[in-house]
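In this chain, numbering begins with 1 at the start of the sequence shown.
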Amino acid sequence: MSEQRSNFPLGVDEWRNLPPPRAPNCPPGLEYLTQIDQLLVHQKVELLEAFTGYESNNRYWIKNSMGQKIFWAIEDDDSCDRFCYGRLRPFNLRIFTPDENQVIHFFRDLKCQGCCLPCCLQTMEVSSPPGNLIGMVNQELSFLTPHFTVKDPTGRTVFRISVPCCLASMCGGDVDFRILTMDGQVVGKISKQWSGLARELFTDADHFGVNFPMDLDVRMKAVLLGACFLIDLLFFEKT
């Protein structure tokens, strides 16, 4: 992991200020999430992948609405799995603070993709700190439009995420996945953002935005970030 980390330039001018003191019931390292209602996820372009098609470990910057970096993330998976299974591969993503402390771990097991068979439904587990489950994102059984549920560590459903009928991002438009409460109120969205024609055509290095209520529990904010990565894998990762 240390060799992979060194690929991320950690220039201090690009990073946000230090977070406030740790809040009650807040996992260490997530304090800054108490102050924001939006996260931007920018996948790093891999030149080798763009020119050869070889699927390398995904790497991401996670920023606030002003473009300041909050976390950085790197996929920690086997190259053989990436080659053999593509977007269906087992997925381990580790989230780090600027000082290289791991604060969140996302994990998805290997499963066939499909929304019509229970054995093929996808689950993203979210832990913070690593090893401490704080929630999960489950793909639900559906014969028409797929959707996801966001659950707390007890298995209680907190939100539903609806999938739009059209997933094509054309002519600069965004693709929005709405975040809904159990009574159907829209409280946020996960947006696949248009990132330019060349980037869209020749890479799978996507840009996303995650919007949620400011007063939402930081653990649920982290789980919604996990939903963003699961959506990217299922719908926008090229094979």
Say you draw a straight line from [atom1] of [X] to [atom2] of [Y]; how long is it, rounded to the nearest 0.5 Å?
X: Ile95; Y: Leu225; atom1: CD1; atom2: CG; result: 6.0 Å
X: Arg108; Y: Met124; atom1: CZ; atom2: CE; result: 6.5 Å
X: Thr34; Y: Leu216; atom1: OG1; atom2: CG; result: 11.5 Å
X: Ile74; Y: Arg59; atom1: CD1; atom2: CZ; result: 6.0 Å
X: Gln43; Y: Ile62; atom1: CD; atom2: CD1; result: 11.5 Å
X: Ile161; Y: Thr149; atom1: CD1; atom2: OG1; result: 8.5 Å

Are [X] and [Y] side-chain neighbours, meaning at least one heavy-atom pair lies under 4.5 Å?
X: Pro164; Y: Val175; answer: yes
X: Arg156; Y: Lys151; answer: no
X: Asp76; Y: Leu93; answer: no
X: Ile231; Y: Phe148; answer: yes
X: Pro27; Y: Val103; answer: no
X: Ile70; Y: Thr97; answer: no

Where [X] and [Y] come nearest, the two heavy atoms and their spacing:
X: Arg219; Y: Ile134; value: O-CD1, 3.7 Å
X: Pro98; Y: Trp72; value: CA-NE1, 4.4 Å
X: Glu100; Y: Phe96; value: O-CD2, 3.6 Å
X: Ala222; Y: Val126; value: O-CG1, 4.1 Å
X: Ser162; Y: His147; value: CA-CB, 4.4 Å
X: Gly226; Y: Phe106; value: CA-CE2, 3.3 Å

With clusters defined by side-chain heavy atoms of hydrophobic residues (ILVMFWY) lying less than 4.5 Å apart, directly or transitively, does [Y] cluster with [X]?
X: Met136; Y: Met220; answer: no
X: Val158; Y: Val187; answer: yes
X: Phe236; Y: Ile190; answer: yes
X: Leu230; Y: Leu133; answer: no
X: Val210; Y: Leu234; answer: yes

Taking it one step at a time, do Tyr60 and Phe229 satisfy side-chain contact (heavy atoms from CB on, under 4.5 Å)? CA-CA 10 Å; Tyr60 305 86; Phe229 288 114; 3.7 Å; yes
Taking [X] for the side chain and [Y] for the main chain, is one N or O donor matched with an acceptor at less than 3.5 Å?
X: Lys221; Y: Leu33; answer: yes
X: Gln68; Y: Met66; answer: no
X: Asn132; Y: Ser128; answer: yes
X: Lys69; Y: Asn64; answer: no
X: Asp176; Y: Arg178; answer: no

Stepwise side chain to side chain donor-acceptor pair (under 3.5 Å) check, Asn138 with Thr123: CA-CA 5 Å; Asn138 291 342; Thr123 297; 3.1 Å; yes
Lys189 NZ: over 12 foreign heavy atoms closer than 6.0 Å: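 At most 12 heavy atoms, drawn from other residues, nucleotides or ligands, come within 6.0 Å of this atom.
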Run the side-chain contact (heavy atoms from CB on, under 4.5 Å) test on Glu75 and Phe91 for me, step by step, so that the C-alpha distance in whole Å, both residues' side-chain angles and the decisive distance to 0.1 Å come before the verdict. CA-CA 7 Å; Glu75 183 183 359; Phe91 185 74; 3.6 Å; yes
Any chance you could lay out the side-chain contact (heavy atoms from CB on, under 4.5 Å) test for Val186 and Ile179, step after step, and finish with the verdict? CA-CA 6 Å; Val186 178; Ile179 302 170; over 6 Å; no
What do you reckon, are the aromatic ring centroids of Phe159 and Phe212 less than 6.0 Å apart?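 Centroid distance Phe159-Phe212: not below 6.0 Å, so no.
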Check the pair Asp215 / Asp37 against side-chain contact (heavy atoms from CB on, under 4.5 Å), numbers first and verdict last. CA-CA 8 Å; Asp215 59 353; Asp37 60 1; over 6 Å; no
Does the cation-pi check pass for Lys192 over Phe235, that is, NZ or CZ under 6.0 Å from the six-membered ring centre and within 45° of its axis?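 Geometry flag: not set, cation outside 6.0 Å or 45°.
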